[in-house]
2 protein chains.
Amino acid sequence: MKKRMVQANSNGGSAHSQSAPAGGPQLPSSVTIMDVAREAGVSYATVSRVVNNKEYVKQDTREKVMQAITRLGYVANQQARSLAGGKSYVVGLLVRDLGSSYMGAIVSGVDDELSTAQYNLMLYTTHRRKTNERIYVNTLIQGMADGLLLILPRNPEAYLDTLNQSRFPYVLIDHQGLGDQVPAVGSKNWDGAYAATKYLIELGHRRIGFITGALELGAAIDRLAGYKAALIDHQLPIDPALIIEGTFFQPEGYSGARTLLNLEQRPTAIFASNDVMAFGVMEAVRDCGLRIPADISVLGFDDIDQASHVYPPLTTVRQPMQEMGRLAVKMLLERIKDPDRPVERVELPTTLIIRQSCQPPT
Amino acid sequence: MKKRMVQANSNGGSAHSQSAPAGGPQLPSSVTIMDVAREAGVSYATVSRVVNNKEYVKQDTREKVMQAITRLGYVANQQARSLAGGKSYVVGLLVRDLGSSYMGAIVSGVDDELSTAQYNLMLYTTHRRKTNERIYVNTLIQGMADGLLLILPRNPEAYLDTLNQSRFPYVLIDHQGLGDQVPAVGSKNWDGAYAATKYLIELGHRRIGFITGALELGAAIDRLAGYKAALIDHQLPIDPALIIEGTFFQPEGYSGARTLLNLEQRPTAIFASNDVMAFGVMEAVRDCGLRIPADISVLGFDDIDQASHVYPPLTTVRQPMQEMGRLAVKMLLERIKDPDRPVERVELPTTLIIRQSCQPPT
DNA sequence: TACTTTTCTGCAAGCGCTTACAGAAACATA
DNA sequence: TATGTTTCTGTAAGCGCTTGCAGAAAAGTA
């Protein structure tokens, strides 16, 4: 099956290479820009201009081309576009794992925003082989993607060096305070934790248990700090016995709560650094034969979907995760347009969502 | 061997073109195949052969090239590769949403397997604008991806027609019985539900509540059928009052269980069609002041991570979700290699995971 | 009318790679 | 030595597109 037909084409005019071989197993007959050009009776450069919304195309011509495009169902080949033009309309997303509501919400925001910008999403999970960061980054930089989003990276330094050096656009989501020179979007963890703790205090609680997140993450540190600050501001002691270290997973909420509930002077409220751990807390409370919120108030952080679905609905600090994803994309696209724009770090506000898992101590 | 064909290179020896532009704003200095060729002193075609592991390259040459590649840190530009060679090494993944352990596990399997095959993952979520299916599919077909994976598609017909027509490779994951002509991987839902129900019966339960999944999904139908079959096989009546319709979400587990528990003759066990609903059931049971498993046994389906983390750990039917993802990728890659291979439909076995949420009725 | 400026459009040169083809080198056979 | 064979390597033709350049057409100005 040879498809050669080089310059041995003597018919002076437009070559008109027929493109529908018609017979035999045929892959998608890929309508190309040439087909559209022929259909519309213009050059393929003009078609390209129309497709890319460039100026200097007569309205008339533009319409002719548009019609040809819809008639033929033409979709530009991204690979070729990217190769020729330098933009791939792909954004890479580096993520540890999916499967949590937290990630799901962020990715959903990312995805939404990306789709309205006509971008595609290339997903990379870092639980794969550890040593691959460099490859990833290189692959991405080599034209695979126009920019990179990193959600909650644990050791971003590995990537960031390379990224910075090559001036490759990126944005961190739910970052962990890496100085000011990193474009990032996060939320006001400190504020959220402060507000939540304050709420409990104002409800009348004096002994408030706290279960931390993974303290290598800035978010976890900030939440702990917000909790402590609220206590101090209300002249309440910081009792180390009431602070249990966790890493954001449910079992630690459970065990942490059991520890707290076994204290001689047990707390009347427990504030977990995320909702998932709060669920663990709720289980533990119940298993101790206590009721929520009658005996113990429980408070979470994040406001994942499930938080409003459990019983009693969980009072929690909402982090606008979708919004974070959206905003990160917006920032990234800006940086793609102009890699030299000043580095921005945005922290979205959190909201205390009051449901039914807290009440004044009895 | 005496003459190097590299013209325009006056210094006879190894060219050693310094590659660090060093000055001025420089985009990633993209090492290309040409640079490697120069560095290794061969033609770029040879480099291409080495990179693609083609035969007919002298061992010697191969090594020289390899060295040059590592020395320069060359990474092939996928766009160009794809454009020239027809393969993009990208697989599209069509998904409704992420953020559930269920999806997370499948995607994780997909991702793992893809990464060992050196493929990239392009993510498309269908919660985006509804009418975009055609665009997606066209984009993908236009060379963006080599194949497509669809997880739990609700109305796949929309895509499948186009896909089939263009003979574009795809595989469904956790399909819903669309006849035999669709390549798919799922799990033995019927068997799993049968085994679980049988287990409860053998424990001594006679009244077993069942909460269904979304019945437009084959998986949900099969689970219900397995439940019924087990009852029948054990001469137990099928009591419609014990069957509550749900759609796989937690609140339905909760409300469903409340309904069941309010029955005059309430069940001694509740079997939810997935773990998430089982969590809802557990909450409801507790809120009715009953204990699990002492008063009511609870059984789930899927075995998501959380199932072993709740208290008491949930007895459930494990669906090998990671494995499903993996297998789907393997099948897809086969189909990419040979689109004409016969259609396969695989159902992976399920396993009853006995934990502590079930015991004989008291 | 002649000339300048402003749109519009086509030509052609790649983007970085794969691969058919042909030529060279190495080895084997007549 | 002449002539295959087989292995290896280079040349060149694109893949489908963007974009600089220049010429053509339209519009404005003198």
Side-chain angles (χ1 to χ4, degrees), chain A residues 1-9 14-15 17 19 27-38 40-65 69 74-89 139 141-144, chain B residues 1-7 27-38 40-65 69 72 74-89 139 142-144:
Chain A
M1 191 84 72
K2 48 164 53 184
K3 50 164 180 188
R4 282 260 112 85
M5 92 130 74
V6 223
Q7 62 268 67
N9 191 339
S14 56
S17 67
S19 65
L27 273 195
S29 45
S30 284
V31 181
T32 77
I33 203 173
M34 302 290 264
D35 301 317
V36 176
R38 202 175 309 125
V42 299
S43 78
Y44 54 90
T46 300
V47 176
S48 172
R49 285 189 195 99
V50 171
V51 170
N52 292 291
N53 252 308
K54 300 253 164 159
E55 48 187 357
Y56 295 145
V57 179
K58 211 197 296 175
Q59 189 53 33
D60 225 37
T61 316
R62 194 179 290 277
E63 272 160 22
K64 260 194 316 191
V65 172
I69 286 179
Y74 167 74
V75 176
N77 177 319
Q78 277 306 334
Q79 325 281 343
R81 254 182 142 175
S82 156
L83 189 55
K87 301 197 65 176
S88 64
Y89 291 95
T139 312
I141 289 178
Q142 292 284 332
M144 186 91 268
Chain B
M1 56 203 73
K2 44 197 169 134
K3 50 174 175 180
R4 283 283 94 87
M5 292 314 262
V6 189
Q7 61 256 71
L27 272 197
S29 44
S30 285
V31 181
T32 77
I33 203 173
M34 303 290 263
D35 301 317
V36 176
R38 203 174 310 124
V42 298
S43 78
Y44 55 88
T46 300
V47 176
S48 173
R49 285 188 195 100
V50 171
V51 169
N52 292 290
N53 253 309
K54 300 253 162 155
E55 49 187 356
Y56 295 144
V57 178
K58 211 198 294 176
Q59 188 54 32
D60 228 34
T61 316
R62 192 177 293 276
E63 275 159 21
K64 259 194 314 192
V65 173
I69 287 179
L72 265 43
Y74 167 73
V75 176
N77 177 321
Q78 278 305 333
Q79 326 281 345
R81 252 182 145 176
S82 156
L83 189 55
K87 300 196 66 177
S88 65
Y89 291 95
T139 312
Q142 291 286 335
M144 186 90 268

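Order of the sequence lines sets the chain letters (A, B, ...), proteins ahead of strands, with each chain counted from 1.
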Take the protein atom [atom1] of [X] and the nucleotide atom [atom2] of [N], then report the distance between them rounded to whole Å.
X: B/Y89; N: D/dC15; atom1: OH; atom2: P; value: 20 Å
X: A/Q79; N: D/dG14; atom1: CD; atom2: C1'; value: 16 Å
X: A/R81; N: C/dC17; atom1: CZ; atom2: P; value: 21 Å
X: A/I69; N: D/dC17; atom1: CD1; atom2: C1'; value: 13 Å
X: A/N77; N: C/dC17; atom1: CG; atom2: C1'; value: 14 Å
X: A/Q78; N: D/dC15; atom1: CD; atom2: P; value: 19 Å

task: Please check the phosphate of C/dC17 (OP1 and OP2 only) for any side-chain N or O of B/S48 closer than 4.0 Å.
output: no
Under 4.0 angstrom between A/T46 side-chain N/O and C/dG10 OP1 or OP2: yes
With the criterion being N/O to N/O and under 3.5 Å, what pairs connect the protein with nucleotides 11-14 of chain C, and how long is each?
{"residue": "C/dA12", "atom": "N7", "partner": "A/Y44", "partner atom": "OH", "Å": "3.2"}

- prompt: Got a sec, which residues hit ring pair (Phe, Tyr, Trp, His ring centres under 6.0 Å) with B/Y44, two or more places apart in sequence or on another chain?
  reply: none
query: In degrees, rounded to 10°, what is the bend between the two ends of the helix from C/dT1-D/dA30 to C/dA30-D/dT1, using five pairs at each?
result: 50°
- line: For A/R81, the side-chain hydrogen bond (donor to acceptor under 3.5 Å, both in side chains) test, sequence neighbours excluded, returns A/N52
- request: Look at all strands and tell whether B/V51 reaches a base, only sugar-phosphate, or nothing, counting heavy atoms closer than 4.0 Å.
  value: nothing
- line: Closest to the 5' end of DNA chain D, once B/L83 and A/V47 are matched to their nearest nucleotides, is B/L83
task: Return the set of residues passing side-chain contact (heavy atoms from CB on, under 4.5 Å) with A/S88 (not counting sequence neighbours), or none when no residue passes.
output: A/S82, A/V90, A/D146, B/Q79
Minimum-distance pair of heavy atoms, taken over all atoms of [X] and [Y]:
X: A/V36; Y: A/I69; result: CG1-CG1, 3.7 Å
X: A/T32; Y: A/Y74; result: C-CE1, 3.6 Å
X: B/S43; Y: B/A37; result: C-CB, 3.8 Å
X: B/V42; Y: B/V65; result: CG2-CG2, 3.9 Å

If I take atom [atom1] from residue [X] and atom [atom2] from residue [Y], how far apart are they, to the nearest 0.5 angstrom?
X: A/E63; Y: A/Q59; atom1: CD; atom2: CD; result: 4.5 Å
X: B/Q78; Y: B/Y89; atom1: CD; atom2: OH; result: 7.5 Å
X: A/N53; Y: A/R62; atom1: CG; atom2: CZ; result: 5.5 Å

- prompt: Can you list, by residue number, the residues of residues 52-62 of chain A that have a non-hydrogen atom closer than 4.0 angstrom to DNA chain C?
  reply: A/Y56, A/V57, A/K58, A/T61
- prompt: Is the closest side-chain heavy-atom distance between A/T61 and A/V50 below 4.5 Å?
  reply: no
